[in-house]
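Just so you know, residue 1 is the first one in the sequence shown, and it goes up from there. The figures that follow rest on heavy atoms only: side chains count, while hydrogens, waters and symmetry mates do not.
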Amino acid sequence: MRYITDNDEATMLRVMPRYGLDKAEMKSLIHSACTSKFYSTPKEMKKAIAKAIGEENVQEEDVSMPPEMPKTLPPLIKLLVSRTPDVYKPAVAHAVFPSLATHLHRVRFRYIDNKEHEATLMNVLMAGTGAGKDCITEPIDYIMADIRRRDEENLRREREWKNEVNSKGSNKDKRQRPEGLIIQEIDPDMTNPAFVMRTAEADGHFLYTKMNEIDQFDSLKGNGNGKQQFQIMCLAFDPRNRYGQTRVGTQSVTEKVQIRFNWNASTTIMKGKKYFSRVLTDGPISRINFCTIPEREIGADMPIYGEYDTRFEKQLKPYIDNLCKASGRVVCNEAFSLAKRLKEECAEFSRLSQSRVYENLSFRALVIAWLKACVLYVANGEKWDKSFDEFIRWSLNYDLWCKMQFFGSAIETAEMEIAMNSQRKGPRNMLELLPDEFTREDAVRIRLEQGKKEKGVYDMLKQWRRRNYIERTGTDTYRKLKYNNVYGN
């Protein structure tokens with residue numbers, strides 16, 4: 001009904017049957033449906049409406065589209081997408097947060113579960129080949145400009161030290177590695193030891209990288225065929241994580257660090273699905289913020305960018321300065337209250353949809369959305385703007401839409417396989433799985449559930465009767481007798 005009435009709550013309340021609910025309950029139910037932006041108009045409804053208005057021959061189309069971006073945007077986001085063509089604005093609005101958050105140094109926020117978080121934000125843009133995934137590059141370049149200037153000075157110091165060390169013989173005194181080599185932007189193909197070393201030297205600052213392809217992350221997987229790169233993704237999101245390596249060699253890196261690593265990556269949809277297919281239920285997907293670019297019509301006009309100039313840079317500078325000067329625990333009551341409201345909205349949708357996958361993904365998606373609200377709050381001079389509420393709600397729904405669209409079915413299948421495999425570990429006492437009085441059909445069902453063949457049911461029941469585990473009460477009905485559990489007593 002929400003699609004037919006264009007989300008008009010008053011109309012729905014007037015025309016819908018009550019199903020035994022009172023007015024207040026019905027009003028609450030309708031409001032929950034109308035405020036959820038997770039699904040677009042269903043395909044079957046599109047076809048029904050087309051038929052009703054005499055357009056039965058309208059070509060079928062994929063109507064599954066992400067939630068529409070709010071018209072009114074937070075000032076910082078409005079600036080960052082101001083040079084971006086409309087088709088790319090939602091992707092840019094999501095992708096800018098990892099680089100923005102990288103400017104925060106040891107800044108903490110308290111979540112609604114009373115745990116402290118830093119602004120750990122990672123983003124993957126999944127879109128088709130030739131969709132324009134490079135649209136996020138220039139806004140991120142301008143956001144990272146000040147960090148890159150600082151990094152260049154420390155890279156120069158590091159190069160000079162390396163040249164000096166390499167120019168001396170093995171028996172000559174060599175100067176120790178310079179202190180204060182804080183280099184935040186790292187190469188995407190960095191090895192694991194180099195990553196640990198850069199993290200240790202960063203002194204609590206975030207590392208950052210932008211990858212043109214998600215599989216560049218594989219450089220961090222370490223030796224062998226492990227999944228260390230996925231472990232890093234998970235730890236980068238988790239508060240107070242610990243990571244490192246221990247080596248015997250005096251020249252090797254031996255460090256224990258807390259990973260602070262924000263990053264952006266792009267990939268095609270098929271490649272992204274394949275990349276995460278091995279870890280569908282292991283945690284990386286729920287910790288990453290996903291966005292996309294809808295496929296354009298064939299022959300559509302080329303999107304035209306605006307000009308990124310010194311005026312854009314000057315307008316961006318105050319927001320970056322606010323992020324850099326923040327310190328310690330930052331309290332944002334508005335973000336805290338918004339997170340509570342969004343938690344209830346997600347819980348309500350989970351109850352209505354009965355989707356366990358959606359519910360599980362929503363827990364960390366909500367943390368990601370809340371961290372974005374905190375970043376916007378700090379960048380805005382620790383002032384809450386009324387546009388934040390709608391933008392963060394949209395950001396949450398958009399992220400969940402992408403996750404369900406790209407991975408929802410695969411996660412559900414993987415979880416079902418895990419559940420089935422767990423049931424098959426070791427033999428089960430099938431008699432205990434049956435009720436006290438049961439039929440032959442019940443026994444067949446239990447055998448099939450345990451991966452056994454139906455044809456063995458006759459011999460099984462015959463043996464149970466001979467052992468006095470059961471007795472026959474009818475043609476195909478049985479009753480349990482007292483017996484010793486062969487796996488227990």
Side-chain angles (χ1 to χ4, degrees), residues 98-107 118-120 122 137-213 216-223 228-229 232 235-236 242-265 308 310 313 316-317 320-321 323-327:
S99 54
L100 289 170
T102 299
H103 290 77
L104 296 172
H105 180 219
R106 298 188 187 275
V107 177
E118 294 184 50
T120 51
M122 303 166 279
T137 299
E138 282 199 90
I140 290 174
D141 285 345
Y142 274 84
I143 292 169
M144 291 296 296
D146 63 318
I147 289 177
R148 287 173 178 172
R149 286 192 292 269
R150 291 196 298 268
D151 283 357
E152 184 55 41
E153 172 61 22
N154 284 329
L155 285 167
R156 181 190 61 78
R157 292 173 57 212
E158 185 182 48
R159 283 195 299 271
E160 289 178 353
W161 171 76
K162 286 181 177 179
N163 291 336
E164 179 184 326
V165 168
N166 292 334
S167 66
K168 292 185 176 182
S170 58
N171 296 324
K172 293 191 176 181
D173 292 335
K174 296 181 180 180
R175 184 164 59 95
Q176 293 294 316
R177 187 175 176 84
E179 295 183 358
L181 286 179
I182 299 173
I183 298 168
Q184 290 185 252
E185 188 165 29
I186 63 175
D187 296 324
D189 60 349
M190 177 173 286
T191 63
N192 204 276
F195 174 77
V196 173
M197 183 189 69
R198 284 280 188 253
T199 302
E201 291 183 335
D203 189 31
H205 289 82
F206 279 97
L207 300 187
Y208 173 82
T209 193
K210 179 178 175 292
M211 293 167 269
N212 293 327
E213 281 295 343
Q216 288 181 285
F217 223 110
D218 289 350
S219 298
L220 294 173
K221 71 179 180 180
N223 296 326
Q228 202 157 275
Q229 74 274 39
I232 290 172
L235 290 174
R242 297 296 292 165
Y243 181 77
Q245 61 175 28
T246 302
R247 297 292 184 269
V248 176
T250 58
Q251 300 300 315
S252 301
V253 176
T254 299
E255 293 284 355
K256 276 287 183 184
V257 296
Q258 178 176 337
I259 294 176
R260 294 179 173 92
F261 184 29
N262 292 348
W263 49 269
N264 287 88
Y308 293 88
T310 55
E313 189 175 12
L316 179 61
K317 188 177 185 303
I320 300 299
D321 289 345
L323 292 168
C324 290
K325 69 184 181 184
S327 63

For [X] versus [Y], what's the shortest heavy-atom pair and its separation?
X: Q229; Y: F217; value: CB-O, 3.4 Å
X: A326; Y: L104; value: CB-CD2, 4.2 Å
X: N262; Y: A101; value: ND2-CB, 3.5 Å
X: R242; Y: Q258; value: NH1-N, 3.7 Å
X: M211; Y: P188; value: CG-CB, 3.5 Å
X: S219; Y: D189; value: OG-CA, 3.4 Å

Is the shortest distance from a Lys or Arg side-chain nitrogen in [X] or [Y] to a carboxylate oxygen in the other one below 4.0 Å?
X: D146; Y: K317; result: no
X: R159; Y: E152; result: yes
X: K325; Y: D321; result: no

Test log, rule side chain to side chain contact (heavy atoms under 4.5 Å, CB included), inputs I143 and H103: CA-CA 9 Å; I143 292 169; H103 290 77; 3.7 Å; yes
Short question: side chain of [X], backbone of [Y] - any donor-acceptor pair under 3.5 Å?
X: E185; Y: D151; result: no
X: R260; Y: H105; result: no
X: T102; Y: F206; result: no

Flag side-chain contact, heavy atom, 4.5 Å: [X] against [Y]:
X: F195; Y: I232; answer: yes
X: T120; Y: I259; answer: no
X: F261; Y: R198; answer: no
X: I320; Y: Y142; answer: no
X: D141; Y: R148; answer: yes
X: Y208; Y: N264; answer: yes
X: R150; Y: Q184; answer: yes

What's the separation between atom [atom1] in [X] and atom [atom2] in [Y], rounded to the nearest 0.5 Å?
X: T199; Y: L207; atom1: OG1; atom2: CG; answer: 4.0 Å
X: R157; Y: R177; atom1: CZ; atom2: CZ; answer: 10.0 Å
X: H205; Y: I147; atom1: NE2; atom2: CD1; answer: 8.0 Å
X: T191; Y: M197; atom1: OG1; atom2: CE; answer: 8.0 Å
X: R149; Y: N154; atom1: CZ; atom2: CG; answer: 14.0 Å

Please determine whether side chain to side chain contact (heavy atoms under 4.5 Å, CB included) holds for the pair E201 and I183, giving the CA-CA distance in whole Å, both sets of side-chain angles, and the decisive distance to 0.1 Å. CA-CA 8 Å; E201 291 183 335; I183 298 168; 5.6 Å; no
My understanding is that only residues two or more places apart in sequence, or in another chain, count here; which of them pass side chain to side chain donor-acceptor pair (under 3.5 Å) with D203? none
Using the test salt bridge (Lys or Arg N to Asp or Glu O under 4.0 Å), find all partners of E153 that sit at least two apart in sequence or belong to another chain.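 Counting only residues at least two positions away or on another chain, E153 forms a salt bridge (Lys or Arg N to Asp or Glu O under 4.0 Å) with R156.
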K210 versus S99, side-chain donor and acceptor atoms under 3.5 Å: no
